[in-house]
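Quick note: residue numbers are just sequence positions, from 1.
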Amino acid sequence: PGQNDADHGVPGCGSGRGRGGAPALSAGCLVATDDSSWRVVDLPHDFVVEGNFSASGDKSHGYLPYGKGWYRKHFTTSSFPAGAKTFWLDFDGIQTHSTVYLNGHLLGSHESGYTPSRYFFNQSVLNFAGDNLIAVFADATQPDGWWYDGGGIYRHVWLTVIETPGAFIAPWGVYAPSNVTGDIDWHPDGTPFATADLLPFVEVWNNASDSQTVSIAMTVISPGGAVIASGSGSLTVPGLGQNTFSTTINLGTVALWHLVDLPSKPALYTLNTTISSGSTVIDAQSVRFGVRTAVFKADTGFWLNGKNIKILGNANHQDFAGIGVAIPDHLQSFRIQKLKDMGSNGWRTAHNPPNVALLDAADELGFLVWDENHRNGQDAECEILIRRDRNHPSVVIWSLCNEVLCNTNDWVADALRLKKLIKTLDPLSGRPVSANQNGWIGPNTPLDVQGFDYSTGNYDKWHSEAPNIPSISSETSSAVSDRGEWVNNETAGYVQAYDNQYPGWGESAEQAWGGVGVGAGQGILTRPFISGGWTWTGFDYKG
């Protein structure tokens, strides 16, 4: 059930005080609370979009009232394996500030609505004989952006149960980078092939007090379901510690992940990893990956699998039409296909990490992704993004931040630290680091790829000042026109599609992309050193 709780502060359960000294006013986290009259909701859920629009509301957040809400989920342990001792809850996203309880015990809080949160617990807080309660308090009264954030548990939730004490594969513990080792051969149907190696890493944790030695087995499954390669080894993990196994697996000749049009599909392979104690498999994890090359060059832009490709991208917020930010998985495929139908080949996740379903859809449909961290200087948030998303072949570039979200007391030092963290967590993919920030343009940029924020007339100047550093139009146009609408309609919110209206900081699409009316004809399409661009925006959004 879900219930708005607009009068209550962030709670501690039972007694004491909550975040920021807020008094423990609510019984929402107590097992004994009667929630039989609460409304039953399905996740994902956005309670803000269910409100009434108000002229007195904040324009930048869609004129919808923000508030607070409780979620309560009852469950039993009847399906849990006997002897299970380690458990964790994964929330892919709760807007905006969240606090999570299990049977009245505080599991923890999370201050970002854009990154996953994970809470570990053991059997001591569970009731194996009866009812158990997960209670979540979501405070969406202080949104974290200048756009529509929504509120509530708006992404998926998972409960993981570790059956026996001992070794297990860490969450997001399988890293599957690849390396193309031979020349790329383009078949007549447009599919590139090449020889390649897989360079997997497996992080294994041990929740037992004694060290554990495990056997590791890896199999690679082709898009058609055949086993094409394998690898194995052993690993000793210290008690209550962790260790990492790595190897090289020769894949032979494989199809490369590439941009495709329906009904074709890009090549996606699966790495199945098991760890065993003796002859008993004790844990397993499967990840999809794609094999490809992706390079940004200072003089000629972006190259995918040896072909020079202009990124024809759109920046997008995560909300959609009447459902707010609680996006069903299948809608992500719909949105990407709509953009593909109009000629786009990329998605910038403005201005935050996306949900997993968006990246899955981009992988499956052949769509490039600029994967964006929310704020500069927040190491833990950035680490979550990289660990979660690093196996997606659609992700070709990491972004540290957007505009004022890059500002810190020492923004260059923070950017360099995050860049180093990214290279540590994703050392073998070759993905560069960028940001939508004009303050970091020039020969001393902390970025691998300079992000040009509008300012099309400065392209030549900026390139001449840093001719050896790749560049991309990280945000451009601010194209407010609606495709298929030919008359402005203020009541319905439509803007005519003639590409002649844009805000003061923006440009028309033909100016930004074609250089029409811009000094020396500077534009994304007229300058080979510009790797491409991300038009603001692909879809309308609230705020």
Side-chain angles (χ1 to χ4, degrees), residues 296-303 308-317 339 342-348 350-351 368 370 372 396-397 399 401-404 406 432 434-445 447-486 488 495-541:
F296 289 81
K297 298 183 179 181
D299 53 347
T300 55
F302 179 65
W303 294 75
N308 194 192
I309 292 175
K310 190 74 78 169
I311 297 176
L312 311 175
N314 299 97
N316 293 286
H317 283 310
L339 294 178
M342 74 174 194
S344 179
N345 63 16
W347 185 298
R348 176 183 163 213
H351 305 294
L368 305 171
W370 159 300
E372 190 153 287
V396 295
I397 189 167
S399 171
C401 47
N402 170 74
E403 295 174 342
V404 299
C406 298
S434 189
N436 185 41
Q437 177 50 252
N438 286 346
W440 289 339
I441 291 171
N444 298 317
T445 180
L447 307 174
D448 298 320
V449 175
Q450 300 176 99
F452 296 167
D453 189 15
Y454 299 98
S455 304
T456 308
N458 287 321
Y459 285 176
D460 289 348
K461 172 179 178 292
W462 286 341
H463 179 60
S464 67
E465 292 171 348
N468 298 317
I469 301 174
S471 55
I472 191 169
S473 177
S474 46
E475 187 170 318
T476 189
S477 302
S478 200
V480 297
S481 298
D482 294 311
R483 290 174 66 87
E485 298 296 331
W486 308 110
N488 287 347
V495 179
Q496 62 187 21
Y498 292 110
D499 190 32
N500 58 8
Q501 298 184 24
Y502 47 87
W505 67 84
E507 300 164 309
S508 69
E510 70 173 4
Q511 289 172 328
W513 288 86
V516 176
V518 181
Q522 297 173 85
I524 297 167
L525 297 178
T526 67
R527 294 300 185 265
F529 59 83
I530 298 293
S531 300
W534 309 95
T535 291
W536 190 265
T537 59
F539 286 95
D540 283 346
Y541 57 95

**Asked** Is it the case that W440 and T445 place a side-chain donor and acceptor less than 3.5 Å from each other?
**Response**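 The answer is no; no qualifying pair exists.
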**Request:** Say whether, by atom type as modelled, one donor and one acceptor occur between the side chain of T476 and the main chain of S473 under 3.5 angstrom.
**Result:**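 Here the side-chain-to-backbone pair does not exist.
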**Q522 (side chain) donor-acceptor with G519 (main chain) under 3.5 angstrom** =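 Confirmed, Q522 side chain pairs with G519 backbone.
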Side-chain touch [X]/[Y], heavy atoms, less than 4.5 angstrom:
{"X": "W505", "Y": "S478", "answer": "yes"}
{"X": "N316", "Y": "L339", "answer": "yes"}
{"X": "W486", "Y": "S481", "answer": "no"}
{"X": "N402", "Y": "Q437", "answer": "no"}
{"X": "R348", "Y": "N436", "answer": "yes"}
{"X": "P467", "Y": "F529", "answer": "no"}
{"X": "N314", "Y": "F539", "answer": "no"}
{"X": "Y454", "Y": "E475", "answer": "yes"}

Euclidean distance, [Y] [atom2] relative to [X] [atom1], rounded to 0.5 Å:
{"X": "L368", "Y": "I309", "atom1": "CG", "atom2": "CD1", "answer": "7.0 Å"}
{"X": "N458", "Y": "I441", "atom1": "CG", "atom2": "CD1", "answer": "8.0 Å"}
{"X": "I311", "Y": "I524", "atom1": "CD1", "atom2": "CD1", "answer": "10.5 Å"}

Minimal non-hydrogen separation, [X] against [Y], with atom names:
{"X": "F296", "Y": "S531", "answer": "CD2-OG, 3.4 Å"}
{"X": "D499", "Y": "A509", "answer": "OD1-N, 2.8 Å"}
{"X": "W534", "Y": "G346", "answer": "CZ3-C, 3.3 Å"}
{"X": "S434", "Y": "I472", "answer": "OG-CG2, 4.4 Å"}
{"X": "P432", "Y": "V396", "answer": "CD-O, 3.4 Å"}
{"X": "G451", "Y": "S474", "answer": "C-OG, 3.1 Å"}

**Which residues share a ring pair (Phe, Tyr, Trp, His ring centres under 6.0 Å) with Y502, sequence neighbours left out** =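 For Y502 there are no ring pair (Phe, Tyr, Trp, His ring centres under 6.0 Å) partners, ignoring immediate neighbours.
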**Message:** Suppose we screen for ring pair (Phe, Tyr, Trp, His ring centres under 6.0 Å). Which residues come up paired with H317, at least two apart in sequence or across chains?
**Reply:**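 With neighbours one apart ignored, the set is W147, H351, W536, Y541.
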**Residues in salt bridge (Lys or Arg N to Asp or Glu O under 4.0 Å) contact with E507, at least two apart in sequence or another chain** =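 So E507 forms no salt bridge (Lys or Arg N to Asp or Glu O under 4.0 Å) with any residue.
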**Message:** With side-chain hydrogen bond (donor to acceptor under 3.5 Å, both in side chains) as the criterion, how do S471 and Q450 come out once you've worked through the C-alpha distance, each side chain's angles and the decisive distance to 0.1 Å?
**Reply:** CA-CA 4 Å; S471 55; Q450 300 176 99; 5.0 Å; no
**Request:** Please identify each residue that fulfils side chain to side chain contact (heavy atoms under 4.5 Å, CB included) with T300, with sequence neighbours left out.
**Result:**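 With neighbours one apart ignored, the set is K297, W303, N308.
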**Message:** Can you list everything that forms a side chain to side chain contact (heavy atoms under 4.5 Å, CB included) with Q496? Sequence neighbours excluded, please.
**Reply:**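 Q496 satisfies side chain to side chain contact (heavy atoms under 4.5 Å, CB included) with N488, Y498, N500, Q501 only.
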**Request:** Quick one: do T535 and W513 satisfy side-chain hydrogen bond (donor to acceptor under 3.5 Å, both in side chains)? Show the steps, please.
**Result:** CA-CA 9 Å; T535 291; W513 288 86; 2.9 Å; yes
**Residue pairs involving residues 517-532 (criterion salt bridge (charged side-chain N to carboxylate O under 4.0 Å, His left out); sequence neighbours excluded)** =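 Qualifying pairs, neighbours excluded: D460-R527.
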**Request:** May I have the step-by-step check of side-chain contact (heavy atoms from CB on, under 4.5 Å) for W462 and F452, ending in yes or no?
**Result:** CA-CA 9 Å; W462 286 341; F452 296 167; 3.6 Å; yes
